Protein chains: 2
Amino acid sequence: MSDAAGVGPALRTLPPPLEPGTLRVVPLGGLGEIGRNMAVFEVRGKLLIVDCGVLFPEETQPGVDLILPDFSYIEDRLDDVVGLVLTHGHEDHIGAVPYLLRLKADIPVIGSQLTLALIEAKLQEHRIRPYTLTVSEGQIEQFGPFECEFVAVNHSIPDALAVFIRTEAGNVLHTGDFKMDQLPLDGRITDLRAFARLGEEGVDLLLVDSTNADVPGFTTAEREIGPVLEGLFGQVRKRIIVASFSSHVHRVQQVLDAARAHDRFVCFAGRSMVRNMAIAAKLGYLRVPDGILVDIKNVDDLPDDRVVLMSTGSQGEPMAALSRMANGDHRITVGKGDTVILASSLIPGNENAVYRVINGLLKLGADVIHKGNAKVHVSGHAAAGELLYCYNILRPKNVMPVHGETRHLIANGKLAQQTGVPAANVLLTDDGSVIDLVDGKARVVGAVECGFVYVDGSSVGEITDADLKDRRILGEEGFISIITVVNRTTGKIVSGPDIHARGFAEDESVFDEIKPKINQALEEAVMNTRDHSTYQLQQVVRRIVGTWVNRRYRRRPMIIPVVLEA
Amino acid sequence: MSDAAGVGPALRTLPPPLEPGTLRVVPLGGLGEIGRNMAVFEVRGKLLIVDCGVLFPEETQPGVDLILPDFSYIEDRLDDVVGLVLTHGHEDHIGAVPYLLRLKADIPVIGSQLTLALIEAKLQEHRIRPYTLTVSEGQIEQFGPFECEFVAVNHSIPDALAVFIRTEAGNVLHTGDFKMDQLPLDGRITDLRAFARLGEEGVDLLLVDSTNADVPGFTTAEREIGPVLEGLFGQVRKRIIVASFSSHVHRVQQVLDAARAHDRFVCFAGRSMVRNMAIAAKLGYLRVPDGILVDIKNVDDLPDDRVVLMSTGSQGEPMAALSRMANGDHRITVGKGDTVILASSLIPGNENAVYRVINGLLKLGADVIHKGNAKVHVSGHAAAGELLYCYNILRPKNVMPVHGETRHLIANGKLAQQTGVPAANVLLTDDGSVIDLVDGKARVVGAVECGFVYVDGSSVGEITDADLKDRRILGEEGFISIITVVNRTTGKIVSGPDIHARGFAEDESVFDEIKPKINQALEEAVMNTRDHSTYQLQQVVRRIVGTWVNRRYRRRPMIIPVVLEA
């Protein structure tokens with residue numbers, strides 16, 4: 001069961017068998033959280049998957065590396081999958097592909113040129129060579145019972161696609177992530193003429209990006225950042241360090257252009273930045289001015305006013321280049337007069353980490369520019385005003401807001417209703433809901449298991465919510481472990497109690513006062529209870545120590561009593 | 001040593017002995033963090049303390065309840081303390097008073113009527129009855145070598161004071177927390193005529209609130225919220241729930257007034273809200289319309305459109321009233337058509353918790369209004385525009401920005417310079433810095449120990465940074481404990497290895513494959529090493545298990561090897 005249950009009338013019953021003439025949609029992620037986007041479409045027993053992304057854990061999921069969609073609904077049916085369409089190359093849309101392809105490596109992967117290049121680089125690290133089909137806007141391909149037409153959309157990564165899916169049961173448009181920048185850097189706008197044509201044809205169900213549905217108005221154009229960067233670059237007399245997401249090709253393009261205008265070299269810092277920009281440049285998405293790039297090991301040979309570092313770490317990630325610079329733990333030394341520009345969003349939950357980095361850079365003497373004090377970032381998602389255009393052009397019969405927390409899905413649903421979509425045709429559902437589209441009407445018919453699947457080190461799905469609860473207790477309270485060895489025959493204590501604690505108190509002499517009481521209680525338990533079990537003895541220890549530590553310290557550490565017989 | 005070191009040239013040497021004719025200032029908190037505000041002033045061996053607050057922990061300090069200023073600089077000199085001045089009643093200025101008075105209960109506590117009422121209520125819970133002196137604006141009192149004149153300032157709690165301290169070595173103005181609302185609800189403005197007079201007299205050193213120094217312009221007037229609340233109240237047909245800080249008397253006043261205008265009863269929900277509003281009403285700071293209050297146990301008897309709940313929990317605190325309502329775990333049931341208004345700030349680091357509450361309330365069918373979608377909150381601190389007024393009216397010789405992270409202190413220092421304070425007279429220092437004012441010149445002369453003191457359950461200062469590091473490891477990775485009993489004489493293993501893990505894997509059978517290797521390695525170590533120590537044997541186990549778990553699972557849990565002899 002998902003922690004991140006969505007809204008809507010949660011029908012927690014298994015769905016009925018699928019009839020011919022019905023299209024089934026099962027979102028396995030992205031409804032109730034921003035991340036792990038994945039939707040499964042089914043007609044006549046064949047499955048088409050759109051996106052397969054990861055979710056990044058928050059503070060209640062300590063130690064977890066990644067969270068995957070729950071594949072259990074499809075894992076026994078992978079032979080029925082006719083294709084996996086990737087709308088664009090962001091981690092929350094492609095990050096879980098390696099874990100799906102581990103289950104079946106030959107699922108056809110369909111996407112645009114850049115999207116496929118990014119997933120192929122990722123799969124290479126996992127030693128998987130996928131079967132791919134490169135598509136571009138306007139192209140129509142048949143995958144089993146699904147005819148897919150791809151539509152250009154504009155987003156914060158180039159080459160993003162929406163997908164229009166024609167089936168015997170009706171037509172679905174899945175927008176993927178998009179916004180409607182009318183003057184994008186590459187001229188590739190969200191294709192509203194195609195939206196209009198598909199609207200004329202009939203959109204029976206629209207799956208639509210909700211990320212900015214609660215933001216009024218319109219997202220500012222990406223190209224407005226360029227002049228801001230140019231202005232800043234013109235003022236700085238020392239090094240410039242810009243941090244952004246490593247897949248944001250157009251942001252990096254504007255940094256390259258501003259650097260060129262001010263006669264500075266650019267150095268990519270951070271593994272993913274180097275890798276992604278190499279891919280983007282090779283495929284022609286990034287125009288790199290001749291001779292502008294410099295390797296990080298040569299940066300110190302250049303005058304400070306000839307250098308721009310284009311870095312990862314804009315979210316305060318502790319191991320990324322920018323955090324390490326802020327800690328003085330990177331080969332690039334930041335100092336007085338240097339200017340750091342966080343040309344990036346501030347994802348909720350990352351505030352303290354980002355402010356730690358900013359404070360660290362300021363202490364080193366740098367100036368720090370961020371979206372709070374200059375227009376150096378715009379969002380990649382359509383705000384409410386753009387979504388209204390979208391609804392009015394498409395005029396969908398049924399709408400299912402996707403890609404958002406509850407608050408975003410609800411806001412998006414309200415926008416749909418404002419444009420005339422009847423409330424009954426706005427589906428506010430959650431991960432694992434099963435939606436059937438039949439005779440032009442979409443409705444929730446059931447639900448399937450759809451919990452969070454945790455990647456932790458090399459383990460996938462082994463860490464459970466119970467483990468995370470243990471970690472939260474351990475992380476907040478520490479533990480006390482009490483080990484006693486009892487003679488198998490006499491029942492007498494032969495060793496212990498040996499007490500170990502971590503995260504509780506460094507000085508273990510605090511336990512001296514409780515040790516005699518533990519032994520006394522144990523010996524009494526052994527004497528009084530014939531056929532005492534080890535478990536019973538451990539409970540005696542747990543109770544004694546738990547009561548003592550709560551009374552004495554008002555704390556509730558985890559207590560691990562161990563009674564061994566020797 | 002403080003984690004939250006400030007800026008400036010950190011002179012980490014002990015200060016010289018204090019000469020007559022010199023005023024010494026030692027900030028023990030609030031410089032490098034927003035919280036635990038405390039400053040110690042010294043002249044001729046006598047100490048005056050201004051504020052004594054707590055800092056709330058962030059995610060890198062798991063399990064910690066509160067963080068105190070480090071009292072070690074003064075704990076052997078408490079007999080020299082002539083007074084503790086409290087500028088206002090917020091936790092980050094008064095929260096650590098009980099811990100200071102535990103060391104010496106008869107330190108005179110000086111503050112305004114409301115401030116003292118709030119600290120007395122808090123001290124009662126700690127069973128401390130303080131010696132107090134109530135002061136108000138315009139009043140002048142002598143405490144040893146310090147003549148203190150109190151000046152009215154406007155803040156997000158009534159009855160806040162700045163303090164002007166005259167000494168033989170010069171005059172200091174400590175603003176406390178303040179803003180310059182020109183039309184405050186109670187008409188009590190920051191007294192700029194007094195600021196002007198004191199400026200004429202001469203401010204040798206200004207300690208000035210930095211919280212909003214990086215916010216351009218002016219803080220909006222509190223009274224602009226009233227009409228917004230009234231407008232919202234007029235639209236709602238069901239229950240209204242407003243959440244705010246429980247000390248924000250004027251915010252609550254506006255809720256009471258809006259409720260009265262729309263003929264609704266008001267119920268205070270949450271322990272601190274009930275307590276503080278009783279105090280504020282009794283002392284005349286809160287005007288409660290006759291018969292408007294209703295007890296929480298009678299709320300369900302009233303029609304929904306006659307009720308406003310005024311609640312705690314605006315920061316997403318899991319045990320506060322609002323979070324429990326969002327979880328369906330409170331006697332007040334939230335449902336469709338109810339409107340929840342978060343008339344509050346969103347403190348960095350609390351975003352995920354607050355959004356969890358908002359998503360929970362939305363799922364229950366409520367509408368949620370917050371500062372992101374309506375003007376229902378204004379800050380309590382002076383923004384950059386107001387600080388410029390302050391500098392220009394006071395014309396201080398030396399300026400020491402206080403109350404902020406590094407980024408706020410630096411921004412405030414820049415404002416001071418813009419008004420003409422020479423850069424050399426702007427002191428950007430950190431907690432524990434020692435500043436001497438002599439002959440009109442303030443400079444850093446040394447530093448004293450000033451680490452974070454953690455309150456954890458009933459323990460104060462016992463939890464160390466090492467414990468917190470252990471907690472972070474335990475919280476992210478869990479632990480594996482391996483217990484082996486070895487025969488004291490033969491060195492043979494008589495029991496074990498007994499392996500316990502938490503937060504790592506629920507199924508302990510994963511350890512079966514490593515157990516024989518542990519025993520083998522231990523027996524070899526016993527055979528090969530004459531006079532092996534228990535520590536050596538434990539290290540053998542640690543190495544075997546650590547290597548295995550890292551290779552097998554790519555994880556680094558805490559490993560606790562225990563070898564017992566029996």
Side-chain angles (χ1 to χ4, degrees), chain A residues 5-7 32 58-60 62-63 214 216 348-349 351-352 355 358-359 362-363 368 372-373 405-407 410 456-459 462-464 466-468 470-472 474-479 481 483 485 494-496 498 500 502-507 552-555 558 560 562 564-566, chain B residues 5-7 32 58-60 62-63 214 348-349 351-352 355 358-360 362-363 368 372-373 405-407 410 456-459 462-464 466-468 470-472 474-479 481 483 485 494-496 498 500 502-507 552-555 558 560 562 564-566:
Chain A
V7 284
E58 54 183 54
E59 69 275 15
T60 54
D214 61 353
E351 287 80 2
N352 283 336
Y355 290 137
I358 291 177
N359 285 325
L362 288 167
K363 275 181 213 172
V368 181
N373 55 25
E405 299 173 18
T406 302
R407 59 198 174 106
I410 288 179
D456 193 278
S458 62
S459 82
E462 289 180 26
I463 290 294
T464 64
D467 290 315
L468 292 186
D470 280 349
R471 286 187 190 174
R472 288 194 296 266
L474 287 168
E476 299 207 338
E477 300 280 353
F479 75 88
S481 144
I483 305 157
V485 185
V494 288
S495 174
D498 206 57
H500 300 260
R502 292 288 190 290
F504 176 76
E506 271 188 301
D507 177 6
R552 182 91 166 72
Y553 293 96
R554 303 248 158 255
R555 293 263 312 277
M558 190 177 281
I560 323 269
V562 181
L564 299 174
E565 291 181 286
Chain B
V7 285
E58 54 184 51
E59 69 275 14
T60 54
D214 61 353
E351 286 80 3
N352 282 336
Y355 289 135
I358 291 176
N359 285 326
L362 287 168
K363 275 181 214 172
V368 181
N373 55 25
E405 299 174 19
T406 302
R407 60 199 173 105
I410 287 178
D456 192 37
S458 62
S459 83
E462 290 180 25
I463 290 296
T464 64
D467 290 315
L468 292 187
D470 280 350
R471 286 186 190 174
R472 287 194 296 266
L474 287 169
E476 299 208 337
E477 300 281 353
F479 74 88
S481 145
I483 305 158
V485 184
V494 289
S495 174
D498 207 57
H500 300 259
R502 291 288 190 289
F504 175 77
E506 271 187 301
D507 177 5
R552 184 89 166 72
Y553 294 96
R554 303 250 159 254
R555 293 265 310 277
M558 190 177 280
I560 323 271
V562 181
L564 299 174
E565 292 181 285

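Letters A, B, ... are given to chains in the order of the sequence lines, protein chains preceding strands, and every chain is numbered from 1. The model shown is predicted, which means the values in this text are computed figures rather than measured ones.
Chain A forms more heavy-atom pairs under 4.5 Å with one residue of B:V485, B:T60, B:I483, B:V494 than with any other, namely B:I483.
Looking at A:D456, the atoms closer than 4.5 Å to chain B (heavy atoms on both sides) sit in the backbone and in the side chain alike. With a 4.5 Å cut-off on non-hydrogen atoms, A:D498 touches chain B through its side chain but not through its backbone. For chain A, the nearby parts of B:E405 are the backbone and the side chain; heavy atoms of each come within less than 4.5 Å. Using a 4.5 Å cut-off between heavy atoms, A:E476 touches chain B through backbone and side chain atoms alike.
In this structure, the separation between CG on B:L474 and CG on A:L474 is 5.0 Å, given to the nearest 0.5 Å. Distance CE/B:M558 to CZ/A:F479: 6.5 Å, rounded to 0.5 Å. Taking OG1 of A:T406 as the start and CG of B:L362 as the end, the distance is 7.0 Å to the nearest 0.5 Å.
In terms of heavy-atom proximity, A:P62 sits nearest to B:G475 at CB-O, 3.0 Å.
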Step-by-step side chain to side chain contact (heavy atoms under 4.5 Å, CB included) determination, B:H500 to A:V562: CA-CA 9 Å; B:H500 300 259; A:V562 181; 3.6 Å; yes

Run the side chain to side chain contact (heavy atoms under 4.5 Å, CB included) test on A:I463 and B:R555 for me, step by step, so that the C-alpha distance in whole Å, both residues' side-chain angles and the decisive distance to 0.1 Å come before the verdict. CA-CA 12 Å; A:I463 290 294; B:R555 293 265 310 277; 3.8 Å; yes

Residues B:I560, A:R502; criterion side chain to side chain contact (heavy atoms under 4.5 Å, CB included); working and verdict: CA-CA 10 Å; B:I560 323 271; A:R502 292 288 190 290; 4.0 Å; yes

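For the pair A:E59/B:N352, a side-chain contact is recorded, criterion being any heavy-atom separation below 4.5 Å from C-beta on.
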